[in-house]
Amino acid sequence: MGITFSLPCNTANDVVKHCYKCSAEQSSYIYKLEDNLKNLTKALKDLTDKKNTILRRVTLAEEQQLTRLDEVQTWLTRVETIDTDVNEKLLQRRTEEINRLSLWGCCSTNYKASYMFGRKVSKKMEEITDLLKEGKGFEVVAEREPIAAVAEVPVEPTVGLESVFDHLWTEFNDDNVRIMGLYGMGGVGKTTLLKKINNNFLNAPSNYYVIWVVVSKDHTLEKIQNKIGEKLGYSGDTWKSKSSQQKAEDIFKVLNKKKFVMLLDDLWERVDLVIAGIPLPNNQNESKLVFTTRSMEVCSEMDADKKVEVKCLSPEDSWKLFKEKVGVKALNIHPDIPCLAEKVVEECDGLPIALITIGRAMAHKRTPSEWLYAAHVLRTSASKFSAMGDKVLPLLKFSYDNLSSEKLKSCFLYCALFPEEWNIDKDDLVNYWMCEGFLDEYDDEIYVKCQGYDLISLLLCSCLLEEVSESSNQVKMHDVIRDMALWIASDCGKAESKFLVKTNALLVDPPKIEKWNEFEMISLIGNKIKYLSLTTTCPNLSTLFLQSNDLRRTCDKFFNSMPKLTVLDLSINRKLSYLPVKISTLVSLQYLNLRGTEIKELPKELSSLAKLKYLNLEGLSSLDIIPKRLISSFSLLQVLNMFGCGVSKKIVMDHVQCGGNKLLVQELQRLKHVLTLGVTIKCVIAFERFLTSEVLRNSTQTLFLQHLSTLQFHNLSSMAILLRLSIRHCQSLEALQIDLNWERREHKALFGSLRDISIHYCPKLKDLSGIIFARELSHLLIYNCEALEEIISVDRVGDTIPETKEPFVKLEAITLSDLPKLKIIYPNPLPFHCLKLLDVLKCEKLKKLPISSNVTRASNLTIRGQNQWFFDMQWEDETTRDTFVHCFSGDYMDDMDYLDLDSWYD
């Protein structure tokens, strides 16, 4: 039995037609596939061309500070997507799909797959057609961003100006105030307050349109209009080429429809608002104008409804602002600095720009002398201080042309005389400058040196010099900066240089001497020159650097014709043993450095060098005696260095002995202008007499003691600037004795400056505990002290002074050698915050190091010694031992050359 259906004739026909249509359409996806793929490829290329055209229009518009429309960006994104789909999903399969076709393209070996692929091709074609139609409708692709009501401007914290700003804001909101002028002296904080007003609109509920314009002294109407035009969106070249009248009309059209606040900074004269195109603020438009000026007269010319004087800060606010800029660390680096800082603040007299600029500059000052000089200059002649301009000049300068004085420029150029990457000692640099005459003359010579240190600091702040390290007293010049300096010395390459600089050039002979008469400064540092046998006339030569060469001798006539020679440096010529008598003809000489030579005799004719201010004889170990009254004949001498000079065993009672006898002390006492002294003393009576002179004690920076039987260590603590102490060959010395009650009686800290201590050949020395009071100590060397068992004995020092519970906080290097009985450096582990190097040799009984293992993990500490000594050490555990292993450098010392006096300190 079956079921039958009966359909009307028309319905049946419709079904048949529909089925046929669907079948035909599906079939077309297959038999039209090749044509459809060709059409798709062409359409995609057309779409890509259209996309590139629109992108070019968008790019051009964006270069004109316009922003692309969202619909354009959406269209571009869709194009990118369909481009990827067509290329990766369809066209890459073209060959594969065509190969499926059969019967002249009417059928397929995989009907379903070909149908699905053909259908996708057709759909993508439709999408591309739609995108092409949409792309043709983009007549505008970008438009200008809406103008922000207010743009934030960078501003520093208004330290000390908070109450002034609150008053200004109250005045600003007064409906009767439409034009307000802020006036006051330069640098008082007017611009800062104006910026604060601008930024306050970011959070204040208002409908003001805020425009900030810096006018400045060299303003023109066109510059002001251009700045306003940029804010209003007129930034194209077409607008900038308009006349002033046309610009004024454009500005007026925009501003006349807005409630605006115009902020004009640094007005020096009246600005005609109408001519500029700025609608006059009034009660009808509710707009306002606020400006800053140094002149109250300008306030009147601008028809200000309110004139507000911005005054200097109170003493309390001044200190608060200064302390923020200089930093607490800089103020606390030395106990004398806060008191001196208060004097600097007083001289600023509440002027914010001075407090800010000088505060930032003084943040780099590390010594009381620099602070003392700053206070002195500000007190006596503020216009000479680099931070002072129209009452205050900007302190920091970042190029040679912007350095504040010719003096500072000369000092900068002088640094180019040193070789590349040369570490220049700050004290040496100041001494050169002092003798060259770069520094001002003062009644008190100490200000001359203070000024030198201040100039170094200025060059550091200007990035023309850089610190070698935080702990060193050295600076260096970047190679490119040095090149620039030498270029400047030749008038930017337009003329012959006044400098002859051939440093580290491996010269065996000096450069051709024919042109020496043209130079003012010659530097031949670091060569291998052995002889100076040529003679020439050098009428303008003021500086001659010959240090670190291989000089053996100089021709007696070499110095004959150098009438202006002021600085002569022959140091570190270790084979130079003879000083020609004719050097006495250098009547202008103020600086003579013979350090590190082998000169055995000083000619008595040197007494004719009446202008000499600096004489360095350091390390002249063979120079035992000198002519009587020679030292005292240098009446202007400010720096004399005889450290390590004449250290033979001779003691000559009736001659002036470089090694320090009573006659030498008498000579030194006749020096009335000496500021810095390095001296060697090897006579107890001479040392006692030396200590009675306050001038000598206060000027001694380096001290070499030899052959002394007793030494009260705390007596040295009265030497205010003592940096370096060497004790040698004191056969009977048993202890560096310290009176533990001395500090309490005197209310002073012991050894406030002492940084370097070396002790050699003291066979009975047992007690070194006194060095624990040298809290600034950075380098310690102990060599050949046979009886020494402990460096620091807590039993002897005890807990008398709390600060000594953690000694050696600034120690950077320790060298211990030939100490056969040494067992303990310090009984407990110490953090050694700064320790970088520990050298140990021939200290067989030293079995434990007082160094915390945590310190070695976190620092760059290097421990050097013999392998066997290190591995015989007593370790708390394997972890601690392993921690120290990574710091250790094994057998490296086969001789003791590194303990030579000169090489150790060089």
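Between the side chain of E667 and the backbone N or O of S632, at least one donor-acceptor pair lies under 3.5 Å. Checked by atom type and distance alone, the side chain of N527 pairs as donor or acceptor with a backbone atom of L506 at under 3.5 Å. Between the side chain of S607 and the backbone N or O of L630 there is no donor-acceptor pair closer than 3.5 Å. Between the side chain of E520 and the backbone N or O of F499, no donor-acceptor pair lies under 3.5 Å. Using a distance-only test at 3.5 Å, with no hydrogens or angles considered, a donor-acceptor pair links the side chain of R552 to the main chain of D550. A donor-acceptor distance shorter than 3.5 angstrom exists from the side chain of H707 to the backbone of H729, with no hydrogens or angles considered. Panel note: side chain N573, backbone L551; a donor-acceptor pair is recorded below 3.5 Å. Remark: the backbone N or O of V695 is not paired with any side-chain donor or acceptor of N698 at under 3.5 angstrom. For S561 (side chain) and T537 (main-chain N/O), no donor-acceptor pair under 3.5 Å exists by modelled atom type. A donor-acceptor pair is defined here as one N or O able to donate and one able to accept, closer than 3.5 Å; such a pair exists between the side chain of K682 and the backbone of G646.
Going from atom CD of Q590 over to atom CG of L636 covers 8.0 Å, rounded to the nearest 0.5 Å. Expressed to the nearest 0.5 Å, how far OG of S693 lies from CG of L691 amounts to 9.5 Å. A distance of 15.0 Å separates CD in Q638 from NZ in K672, rounded to the nearest 0.5 Å. Atom CG of D454 sits about 10.0 Å away from atom CG of L459, to the nearest 0.5 Å. How far OG of S758 is from CD1 of I782: 10.0 Å, rounded to the nearest 0.5 Å. Separating the OG1 atom in T554 from the OH atom in Y531 is a distance of 12.0 Å, to the nearest 0.5 Å.
Between V430 and Y453, some side-chain heavy-atom pair lies under the 4.5 Å cut-off. Contact annotation: the side chain of I685 never approaches that of R689 to less than 4.5 Å [non-hydrogen atoms, C-beta and beyond]. In this structure, F643 and L703 have side chains that are not in contact, with every pair of non-hydrogen atoms separated by 4.5 Å or more. Contact annotation: the side chain of N784 never approaches that of S817 to less than 4.5 Å [non-hydrogen atoms, C-beta and beyond]. No side-chain heavy atom of L568 sits under 4.5 Å from any side-chain heavy atom of N593. Side-chain contact check for T503 versus L524: every heavy-atom pair is 4.5 Å or farther apart. Between F690 and L677, some side-chain heavy-atom pair lies under the 4.5 Å cut-off. Inter-residue side-chain proximity for T815 and L780 is flagged as unmet; no heavy-atom pair is nearer than 4.5 Å.
Considering all non-hydrogen atoms of both residues, F634 and L615 come closest at CE1-CD2, 3.8 Å. The minimum heavy-atom distance linking I721 with L675 is given by the pair CD1-O, 3.9 Å. In terms of heavy-atom proximity, T680 sits nearest to C645 at OG1-N, 3.3 Å. Looking at every heavy atom in both residues, V567 comes nearest to Y432 through CG1-CD2, 3.8 Å. Residues L837 and D839 come closest through the heavy atom pair CD1-OD1, 3.8 Å. L723 approaches S753 most closely through the heavy-atom pair CD2-O, 3.4 Å.
S608 and E605 are not linked by any side-chain donor-acceptor pair at a separation below 3.5 angstrom, with hydrogens and angles left out of the test. Between the side chains of S588 and T566, no donor N or O sits under 3.5 Å from an acceptor N or O. With 3.5 Å as the limit, one finds a donor-acceptor pair spanning the side chains of E618 and N641.
Taking the ring centre of F704 as origin, the terminal cationic atom of R728 falls outside the region bounded by 6.0 Å and 45° from the ring axis.
The six-membered or imidazole ring of Y373 lies away from that of Y447, with a centre-to-centre distance of 6.0 Å or more. Taking the six-membered ring for Trp and the full ring otherwise, Y414 and F438 have centroids separated by under 6.0 Å.
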>> The test is side-chain contact (heavy atoms from CB on, under 4.5 Å); show your working for S457 and E370 and say whether it passes.
In response: CA-CA 9 Å; S457 184; E370 292 174 295; 3.9 Å; yes

>> Could you walk me through whether K407 and D440 satisfy the salt bridge (Lys or Arg N to Asp or Glu O under 4.0 Å) test, starting with their C-alpha distance in whole Å, then the side-chain angles of each, then the deciding distance to 0.1 Å, before giving a yes or no?
In response: CA-CA 9 Å; K407 176 196 313 175; D440 293 338; 3.0 Å; yes

>> Does C730 form a side-chain contact (heavy atoms from CB on, under 4.5 Å) with Q706? I'd like the steps, not just the answer.
In response: CA-CA 6 Å; C730 295; Q706 190 174 18; 5.7 Å; no

>> For a side-chain contact (heavy atoms from CB on, under 4.5 Å) check, start with the C-alpha distance between I599 and Y578, then their side-chain angles and the critical distance, and finish with the verdict.
In response: CA-CA 5 Å; I599 291 174; Y578 170 73; over 6 Å; no

>> Could you go through L777 and I757, starting from their C-alpha distance and side-chain angles, then the distance that decides it, and tell me whether this counts as side-chain contact (heavy atoms from CB on, under 4.5 Å)?
In response: CA-CA 8 Å; L777 190 65; I757 297 178; 3.6 Å; yes

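A salt bridge links K426 and E467; the closest N-O separation between the charged side-chain nitrogens and carboxylate oxygens is under 4.0 Å. Of the charged side-chain nitrogens involved, none lies within less than 4.0 Å of a carboxylate oxygen, so that K449 and D427 do not count as a salt-bridged pair.
Partners of E694 by salt bridge (charged side-chain N to carboxylate O under 4.0 Å, His left out), not counting sequence neighbours: none found.
More than 12 heavy atoms of other residues, nucleotides or ligands lie within 6.0 Å of NZ in K600, so this atom counts as buried by the packing criterion.
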